[in-house]
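Take a look at the structure set out below.
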There are 2 protein chains.
Amino acid sequence: MLSQKTKYALKALLYLAEQDVNHISKTVEIAEAASIPKKFLEQILLDLKRGHFVGSKQGKFGGYYLLKSKNDITLADIHRLFDGAIALLPCASLNFYERCSDCVDESECLLRHGLITIREETLKAMQGITIASLVKK
Amino acid sequence: MLSQKTKYALKALLYLAEQDVNHISKTVEIAEAASIPKKFLEQILLDLKRGHFVGSKQGKFGGYYLLKSKNDITLADIHRLFDGAIALLPCASLNFYERCSDCVDESECLLRHGLITIREETLKAMQGITIASLVKK
DNA sequence: TTAAACCCTACTAGTTTTATAGAATTAATT
DNA sequence: AATTAATTCTATAAAACTAGTAGGGTTTAA
């Protein structure tokens with residue numbers, strides 16, 4: 001399941017994607033439009049900025065805007081930024097790989113094989129969902 | 001990500017699937033073979049029993065055994081039993097549906113549409129992984 | 001009757017999640 | 001230069017969840 005943070009991040013990105021190009025959105029504006037607690041959204045937007053998904057302008061009349069194209073921001077990206085691995089266990093993860101402490105021989109782990117299959121399929125599905133594809137529907 | 005409980009449940013089921021038919025496995029036996037804390041495993045096996053995946057025999061020389069066929073226990077089943085919904089948000093879930101409190105018109109929620117697609121694809125993938133398919137590989 | 005197993009409920013320590021608070025920094029306007 | 005309005009940063013806190021422990025109770029075979 002997605003965390004609230006990931007859900008809010010996606011809603012915020014959807015809001016930004018729906019604005020005119022060159023429009024800059026204030027945090028409070030996004031917060032109200034998408035029903036997100038303002039101070040919580042601040043942190044989320046900062047994380048999105050550090051992830052290079054959005055850009056910001058500081059000071060008066062500042063705000064946020066999409067940095068990447070709507071087509072290049074996928075559900076997989078945002079999931080990884082806020083909720084981490086797509087895989088169901090760290091040992092089956094590409095980006096968040098970690099060995100199981102209790103695992104004697106990873107290459108012979110019955111569970112891992114299946115989880116790698118699942119990861120490949122869900123990753124593909126999640127990479128198919130972009131901010132653009134969501135806005136379009 | 002899977003919780004430890006789900007991971008342990010799968011490992012326990014894999015162990016049971018590898019035993020001879022008619023063999024009955026004690027908790028302590030499974031716990032040692034699969035490196036699972038015994039008292040924790042007790043709870044997990046009880047949950048699996050309540051979910052009708054395993055059966056038990058009480059008293060001396062009792063233990064656990066697979067109730068369903070290896071082919072009929074899927075990753076989706078076990079995920080749902082211990083970790084709940086397959087979907088990424090409750091509003092996109094089949095078995096754990098819940099409305100978003102902040103959602104005005106669900107049918108027009110941009111996010112939900114994409115999440116339903118994802119759920120359909122991951123569910124299909126997770127239903128394709130069975131205890132039998134894991135043991136076989 | 002005893003031993004060995006499952007069954008059941010409660011509890012706890014630690015972690016994670018979901019925020020909130022408040023001050024610092026930046027930039028445009030007056 | 002002062003003011004205002006915005007982002008940026010760090011710390012804190014309450015609630016929920018996770019992973020595991022504890023301690024019995026119940027059942028069955030010998």
Side-chain angles (χ1 to χ4, degrees), chain A residues 1-12 16 23-32 34-65 67 79 81-85 88-90 96 100-102, chain B residues 1-12 16 23-32 34-67 79 81-85 88-90 96 98 100-102:
Chain A
M1 299 270 286
L2 299 183
S3 64
Q4 280 285 90
K5 228 171 182 173
T6 303
K7 178 184 159 188
Y8 288 158
L10 290 167
K11 287 178 79 175
L16 291 178
H23 176 74
I24 253 183
S25 307
K26 293 183 291 182
T27 305
V28 65
E29 170 191 339
I30 307 170
E32 282 168 9
S35 311
I36 305 171
K38 192 212 161 200
K39 291 295 275 182
F40 197 25
L41 179 58
E42 279 184 10
Q43 296 176 20
I44 292 166
L45 288 168
L46 279 174
D47 286 337
L48 285 171
K49 192 196 167 189
R50 295 187 186 114
H52 307 107
F53 296 101
V54 304
S56 73
K57 187 169 179 301
Q58 286 198 71
K60 198 169 181 177
F61 303 119
Y64 292 93
Y65 50 90
L67 198 59
H79 188 283
L81 183 62
F82 292 99
D83 286 346
L88 291 174
L89 284 184
F96 297 84
C100 286
S101 60
D102 58 325
Chain B
M1 297 271 284
L2 299 183
S3 63
Q4 280 285 90
K5 231 172 181 172
T6 302
K7 178 183 160 191
Y8 287 158
L10 291 167
K11 287 178 79 174
L16 291 179
H23 177 73
I24 250 184
S25 307
K26 293 184 291 182
T27 304
V28 66
E29 171 191 339
I30 307 170
E32 283 168 8
S35 311
I36 305 172
K38 193 213 161 200
K39 291 293 276 181
F40 198 23
L41 179 58
E42 277 185 11
Q43 296 177 23
I44 293 166
L45 288 168
L46 279 174
D47 286 337
L48 285 171
K49 191 198 166 187
R50 293 185 188 114
H52 306 108
F53 295 102
V54 303
S56 71
K57 186 169 179 302
Q58 287 199 70
K60 199 169 182 179
F61 302 118
Y64 292 94
Y65 51 90
L66 279 192
L67 198 58
H79 188 283
L81 183 61
F82 292 99
D83 287 345
L88 291 174
L89 283 184
F96 297 84
E98 215 171 310
C100 287
S101 59
D102 58 324

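Chain identifiers are assigned alphabetically (A, B, ...) following the order of the sequence lines, protein sequences preceding nucleic acid strands; residue numbering begins at 1 within each chain.
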> What closest approach, in Å, do A/Leu67 and A/His52 show between heavy atoms, and which atom pair accounts for it?
Replying inline: CD2-O, 3.8 Å
>> Between A/Gln4 and C/dA19, is there a contact of a side-chain N or O with OP1 or OP2 at under 4.0 Å?
In response: yes
>> Between C/dT20 and A/Gln43, counting only base atoms on the nucleotide and side-chain atoms on the residue, is there a donor-acceptor pair under 3.5 Å?
In response: yes
>> What is the separation between atom CG on A/Leu46 and atom P on D/dA11, rounded to the nearest whole Å?
In response: 15 Å
> Which nucleotide in the list C/dC8, D/dA19, D/dT8 gets nearest to the side chain of B/Ser3?
Replying inline: D/dA19
>> Show, in sequence, the C-alpha distance, side-chain angles and deciding distance for B/Gln43 and B/Lys5, and conclude whether the side chain to side chain contact (heavy atoms under 4.5 Å, CB included) test is met.
In response: CA-CA 9 Å; B/Gln43 296 177 23; B/Lys5 231 172 181 172; 4.2 Å; yes
>> Taking the minimum atom-to-atom distance to the side chain of A/Lys57, which one of C/dA28, C/dT18, D/dT7 wins?
In response: C/dA28
> Roughly how far, to the nearest 0.5 Å, is CZ of A/Phe96 from CG of A/Asp83?
Replying inline: 9.5 Å
>> Using the side-chain heavy atoms of A/Lys60, tell me which of these nucleotides is nearest: C/dT18, D/dT4, D/dT28.
In response: D/dT4
> Roughly how many Å is it from CG in B/Leu16 to P in C/dC6, rounded to a whole number?
Replying inline: 11 Å
> Whole-Å distance between C/dA19 P and A/Phe40 CZ?
Replying inline: 5 Å
> Looking only at heavy atoms, which two atoms of A/His79 and A/Ala85 are closest? And how far apart?
Replying inline: CE1-O, 3.1 Å
> Atom CG of A/Asp47 and atom C1' of C/dT18: how far apart are they, to the nearest Å?
Replying inline: 13 Å
> Expressed in angstrom and rounded to an integer, what is the separation of A/Ile30 atom CD1 from D/dA6 atom P?
Replying inline: 12 Å
> When you measure from the side chain of B/Phe61, which nucleotide among D/dA6, D/dA29, C/dT18 comes out closest?
Replying inline: D/dA29
>> Rounded to whole Å, please give me the gap between CG in B/Leu41 and P in C/dA5.
In response: 14 Å
>> From C-beta outward on B/Tyr64, which listed nucleotide comes closest to its side chain: C/dT18, C/dC7, C/dA3?
In response: C/dC7
>> Can you tell me if B/Arg50 touches the phosphate of C/dC6, counting only side-chain N or O atoms and a distance under 4.0 Å to OP1 or OP2?
In response: no
> A/Lys39 side chain: which of C/dC6, C/dG22, D/dA29 is closest?
Replying inline: C/dG22
> What heavy-atom pair brings A/Ser25 and A/His23 nearest, and what distance separates the two atoms?
Replying inline: OG-CD2, 3.3 Å
>> What's B/Gly62 touching, base or sugar-phosphate or nothing? Going by heavy atoms closer than 4.0 Å.
In response: sugar-phosphate
> Does a nitrogen or oxygen in the side chain of A/Tyr8 sit under 4.0 Å from OP1 or OP2 of C/dT17?
Replying inline: no
>> Can you tell me which nucleotide in C/dG22, D/dA19, D/dA22 comes closest to the side chain of A/Glu42?
In response: C/dG22
> Of the nucleotides C/dT20, D/dA5, C/dC6, which one has an atom closest to the side chain of A/Pro37?
Replying inline: C/dT20
> B/Ile44 CD1 to C/dC7 P: how many Å, rounded?
Replying inline: 14 Å
> Is A/Ser56 near enough to D/dT7 that one of its side-chain N or O atoms lies under 4.0 angstrom from OP1 or OP2?
Replying inline: no
> Hey, does the side chain of A/Lys49 come within less than 4.0 Å of D/dT8's phosphate (OP1/OP2), counting only N and O?
Replying inline: yes
>> Could you report the tightest heavy-atom contact between A/Tyr64 and A/Leu46, atom names first, then the distance?
In response: OH-CD2, 4.1 Å
>> Just the rounded figure in Å: distance from C1' of C/dT16 to CG of B/Asp83.
In response: 15 Å
